[in-house]
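The sequence lines fix the lettering, A, B, ..., with proteins before strands; numbering per chain opens at 1.
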Protein chains: 2
Amino acid sequence: MISVAIIDDHKILTEGLANLIDESGIATVIGVAHSAADCRLSLGFWRPDVLLLDVGLPDVSGVDFCREVKAQFPEINVLALTTHNEYAIVRQMLDNGASGYLVKNAMADEVLAGIAAVAAGRTFLCHEIDLLMKKPSSKNIWLSPRERELLRLISEGLTNGEIAEQIFLSPETIKGYRKNLLLKLGAKNTAVLVKMALEQKLI
Amino acid sequence: MISVAIIDDHKILTEGLANLIDESGIATVIGVAHSAADCRLSLGFWRPDVLLLDVGLPDVSGVDFCREVKAQFPEINVLALTTHNEYAIVRQMLDNGASGYLVKNAMADEVLAGIAAVAAGRTFLCHEIDLLMKKPSSKNIWLSPRERELLRLISEGLTNGEIAEQIFLSPETIKGYRKNLLLKLGAKNTAVLVKMALEQKLI
DNA sequence: CGTACTTACCCCCCAAAGGGGGTTTTTAAT
DNA sequence: ATTAAAAACCCCCTTTGGGGGGTAAGTACG
């Protein structure tokens, strides 16, 4: 029997989900947490085979928490469970150690299939995400770490000069990055750039 | 017995939620839809006392759908059920006819209390939202329709001149609105303005 | 009747962004 | 060893944005 822990702040969802898993016969829920802090306290005792992890936690980013969990318990298979269907989020989760990714509007059988797959050491993407990751789309934009950093600073309202000061580069360099970001995202100006960055969860 | 219909695209959540409601003894679920389109087809047959409405539907904005439902079936009490805890969203839902508002991480008993309250014709806000709406905070920003329109056009990357052309106003007027928006939201520049607009769901 | 808010308009001035053209070094992959 | 990408840098020029000051009509509400 596969042991599963769930971490999600939506209490209504966790109850239903725990029921679903327990009644499936393939897995059993050994713990539920509603925040990353709760989870840190218990995860060492639970030692689940699979951790169902919501990306939209109240206290920390799911990406960071996934990395944290994998660093401390590499044997736990993390299965992301979230509302986000953006390329950048999926990719960041997978890059940070997640074994699978489910969107919350997936069917119940996909949840069980995902749990079984990641418990067996395989990777699993639900149908919708599988399509998203395979289909080469102009919306599937991937930025370098430096570009993401610049985008973050731009969205915080820093001017080229201020950014240059903060990260010890020439203002002309910042200008170059900015031009490149506009080109890469196909944005007309800063307003659109920030909008796309937030909508596509690039920062 | 109160009759309830649920509209939410998160299938895992609706199953658990329907169970919870049916077992409470105070209400019974007479229908579930996973999109606004599905709901339109069935709502006339169901005629529920309470409609549990997710604001993050895949096909239309929950605000628009709420207005639509109330226009067609004024006797149905709409209870918003969503992840969003932003002032602007709550206010827009209430302005468009919702009788109550629940966040998805609310406890199960709040869901039942909310259903009972709105079925009885009262309004209901879950604890977290009640606090949010009462506490006068600098984050509780409310814009006039015109300001929201301007904010939308700015976030789409239009320049003052382009906006002026589109809505038949002087570019200087647009500039005035822009300055006022920066002041109202406390934003340093357009980048921050767009970021705040999206984060606080003002557009 | 007054007050507050929305909508609409105008001036000057300079800082910042955006379009165009480039170069070099380092790093990673094939 | 070659290629490709990321990271860093530079100059010229025009458009746009943002800070500072305003004015004034319309309307909603007590």
**Q** May I have the distance from Asn160(B) (atom CG) to dG19(D) (atom P), rounded to whole angstrom?
**A** 13 Å
**Q** Between dG18(D) atom P and Asn180(B) atom CG, what is the distance in whole Å?
**A** 14 Å
**Q** Quick check: on DNA chain C, is the nucleotide nearest Glu172(A) upstream (toward 5') of the one nearest Glu162(A), or the reverse? Name the residue that is more 5'.
**A** Glu162(A)
**Q** Measure CZ/Arg146(A) against C1'/dC9(D) and give the value in whole Å, please.
**A** 13 Å
**Q** So, OP1 or OP2 of dA16(C): does either fall under 4.0 Å of a side-chain N or O from Arg178(A)?
**A** no
**Q** Between Glu165(A) (CD) and dA16(C) (C1'), how many Å, whole number?
**A** 15 Å
**Q** Below 3.5 Å, does any donor atom in the side chain of Lys179(A) face an acceptor in the base of dG21(C), or the other way round?
**A** yes
**Q** What is the distance, rounded to the nearest whole Å, between atom CD1 of Ile163(A) and atom P of dA15(C)?
**A** 18 Å
**Q** Can you confirm whether more than 12 heavy atoms, excluding those of Glu165(B), are under 6.0 Å from its CD atom?
**A** no
**Q** May I have the distance from Glu147(A) (atom CD) to dA8(D) (atom C1'), rounded to whole angstrom?
**A** 13 Å
**Q** Would you call Glu149(A)-Arg146(A) a salt bridge at under 4.0 Å N-O?
**A** yes
**Q** Base, sugar-phosphate alone, or nothing: which one does Thr173(B) contact when heavy atoms must sit under 4.0 Å apart?
**A** base
**Q** Any side-chain N or O of Thr190(B) less than 4.0 Å from the OP1 or OP2 oxygen of dG18(D)?
**A** yes
**Q** Between the side chains of Asp59(B) and Arg40(B), is the shortest nitrogen-to-carboxylate-oxygen separation below 4.0 Å, so that they form an ion pair?
**A** no
**Q** When you check the phosphate oxygens OP1 and OP2 of dT7(C), does a side-chain N or O of Ser144(B) lie under 4.0 Å from one of them?
**A** yes
**Q** Please state whether the phosphate of dT15(D), meaning OP1 or OP2, lies under 4.0 angstrom from any side-chain nitrogen or oxygen of Thr159(B).
**A** no
**Q** Whether the side chain of Lys188(B) and the base of dG18(D) hold a donor-acceptor pair under 3.5 Å is what I'd like checked.
**A** no
**Q** Taking only side-chain nitrogens and oxygens of Asn189(A), does any of them come within less than 4.0 Å of OP1 or OP2 of dT16(D)?
**A** no
**Q** Looking at side-chain heavy atoms only, is the closest gap between Pro48(A) and Val4(A) below 4.5 Å?
**A** no
**Q** State whether Glu162(B) and Lys188(A) are salt-bridged, where the test is any N-O pair (Lys NZ or Arg NE/NH1/NH2 against Asp/Glu carboxylate O) under 4.0 Å.
**A** yes
**Q** In this structure, how many angstroms lie between the P atom of dA5(D) and the CG atom of Leu183(A), rounded?
**A** 13 Å
**Q** Could you state the atom-to-atom distance from CG of Leu182(A) to P of dT16(D) in whole Å?
**A** 15 Å
**Q** Side chain of Lys175(B), base of dG17(D): donor and acceptor closer than 3.5 Å?
**A** no
